[in-house]
Amino acid sequence: MTRLERTLLAAVASLLCLAACAGVRVAAGGDGPHRDLAAAPKADPAVFPTRVMPLGDSITDGLQSLGGYRSDLWQYMRADGMKVDFVGSRSSGPPQLADRDNEGHPGWRIHQLTAHARAWLLEYRPDVVLLQIGTNDVIQRRDLRAAPARLAALIDLVTTTVPSAQVYVATITPLAAKAREARARAFNAAIPPIVAARASAGRHVHLVDMHAALGKGDLFADGIHPTNGGYAKMAARWYSAITGEPLTRWEAESPSYATVSDGERLETANASGDGKVGYLAGAGSFLQFTLEMPQTGRYRLYVRAGNGTGEPCEQRLTVNGRAGGRLRYPAYGWDRWTITAADVALNAGRDTLRLTRATCSAEIDAIALAPAR
């Protein structure tokens, strides 16, 4: 049994904490870290969830960024040893996303998902459903007064069809146009009481505030779909909700807390902050994060890296000047991001995490930390 399996099974007696479901993100749009705080561990999981159904519209599909949030989310799960199986009738995604099944339907509105959801749920029997829908209702102004009621009916359909599944309901992401954003906020405001009522009735429904995870700078030029970096932030928010642990991210290219020696900060629209650190090829080259941690303890470190050398390779990890082992990166190409994880012991206050060349000079996009489970 993996560490994550033990954590989720230990939550059998826990109750859903609605107040924490919405999540908080700090330092939005700046150089500071991005913190995703989500719900307590899932209420009454009967079995360890392995079958995950991403359910929604083009943002679930990953329009404008192949695979969307699903690629990083799968990477997080696999990095923690979760034996995850994404399920659905559609399949799309980049090479590093080995499991591309989903139910992301570009252009669809709430009623269209409702018309088909029961058949999909009965066929695939997911343990976890990641539901985000309503963006097209908002931008098309399709009977918006009744849109929350349509969403409530869809949630009821999901929870009655697969009553043991954990259902995570996300608010829709920001929209760039002022009028559209106002409608999005109005729609989102109706979602928490819908989720709360069903959770109070004993259904396994959780709220995920995805709107707060992104800013307008995380949107493509169409003002609707997230950028590559926006999808990366969505994946972190989903994973934080599923595990019930806060996940804090730091961008590698930020000079506020990241020091680069004998390497380069590089701009790319494919990274989560539109930048990355590469060319860490020299014997003395390194990327070092200097972080302020709230308390002493063991943490789970996630490194989002790209390796275009053609074969798997490794970097050395140093934690507060002590050897922390090696991080191994598969070779899918530059800007083909994978996530590698390791446990680290950190102190309250200032800590340093340093990455240096072992067998390759992989490019680093960002790191994330969560309390070890």
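Source: prediction; values computed, not measured.
- For Arg183, the CZ atom counts as densely surrounded, since its 6.0 Å shell holds more than 12 non-hydrogen atoms of other residues, nucleotides or ligands.
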| request: Apply salt bridge (charged side-chain N to carboxylate O under 4.0 Å, His left out) to the pair Arg109 and Asp57, showing each step before the final yes or no. | output: CA-CA 7 Å; Arg109 300 187 297 275; Asp57 51 30; over 6 Å; no
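- Separating the CH2 atom in Trp337 from the CG atom in Asp365 is a distance of 4.5 Å, to the nearest 0.5 Å.
- One finds no salt bridge joining Arg90 and Asp101 here, because no Lys/Arg side-chain nitrogen approaches an Asp/Glu carboxylate oxygen to under 4.0 Å.
- Between Ser92 and Asn102 the shortest side-chain heavy-atom distance falls below 4.5 Å.
- At least one side-chain heavy atom of Gln132 sits under 4.5 Å from a side-chain heavy atom of Thr173.
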| message | side-chain contact (heavy atoms from CB on, under 4.5 Å) for Tyr257 and Glu251? Distances and angles first, verdict last. | response | CA-CA 9 Å; Tyr257 44 74; Glu251 299 293 341; 3.8 Å; yes
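- Grouping the Ile, Leu, Val, Met, Phe, Trp and Tyr side chains by contacts below 4.5 angstrom, directly or via other members, places Tyr76 apart from Tyr332.
- Contact detail for Tyr231 and Ile59: the closest heavy-atom pair is CE2-O, 3.4 Å.
- Between Arg326 and Thr359, the closest side-chain pair of non-hydrogen atoms falls below 4.5 Å.
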| task | Using the salt bridge (charged side-chain N to carboxylate O under 4.0 Å, His left out) rule, take Arg350 and Glu292 through it: C-alpha gap first, then chi angles, then the decisive distance, then the call. | result | CA-CA 5 Å; Arg350 178 164 294 188; Glu292 292 291 331; 3.2 Å; yes
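- Counting non-hydrogen atoms of other residues, nucleotides and ligands closer than 6.0 Å to CZ of Arg78 gives a total of 12 or fewer.
- Of the possible donor and acceptor atoms, none in the side chain of Thr161 sits under 3.5 Å from a partner among the backbone N and O of Arg118.
- For Tyr168 and Trp238, the distance between ring centers is not under 6.0 angstrom.
- Between Gln288 and Thr290 the shortest side-chain heavy-atom distance falls below 4.5 Å.
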| message | Working note: Arg51 + Asp127, criterion salt bridge (charged side-chain N to carboxylate O under 4.0 Å, His left out); need CA distance, chi angles, decisive distance, verdict. | response | CA-CA 5 Å; Arg51 298 170 68 81; Asp127 302 296; 5.3 Å; no
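- Note on Trp108 and Tyr124: same hydrophobic cluster, where clusters join Ile, Leu, Val, Met, Phe, Trp and Tyr whose side-chain heavy atoms are under 4.5 Å apart, directly or indirectly.
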| task | Could you walk me through whether Asp209 and Arg237 pass salt bridge (charged side-chain N to carboxylate O under 4.0 Å, His left out), step by step? | result | CA-CA 8 Å; Asp209 189 357; Arg237 180 60 59 98; 5.2 Å; no
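- In summary, the aromatic rings of Phe220 and His225 are positioned with their centroids too far apart to meet the 6.0 Å limit.
- Considering only heavy atoms from C-beta on, Glu314 stays 4.5 Å or farther from Leu327 through its side chain.
- Of the candidates Leu346, Thr352, Leu353, Thr248, Leu353 is the only one forming a side-chain contact (heavy atoms from CB on, under 4.5 Å) with Leu291.
- Between Arg328 and Pro312 the shortest side-chain heavy-atom distance falls below 4.5 Å.
- Here Asp99 does not pair with Arg70 in a salt bridge; the nearest charged N to carboxylate O distance is not below 4.0 Å.
- Looking at Ile242 and Leu130, their side chains come closer than 4.5 Å, going by heavy atoms from C-beta outward.
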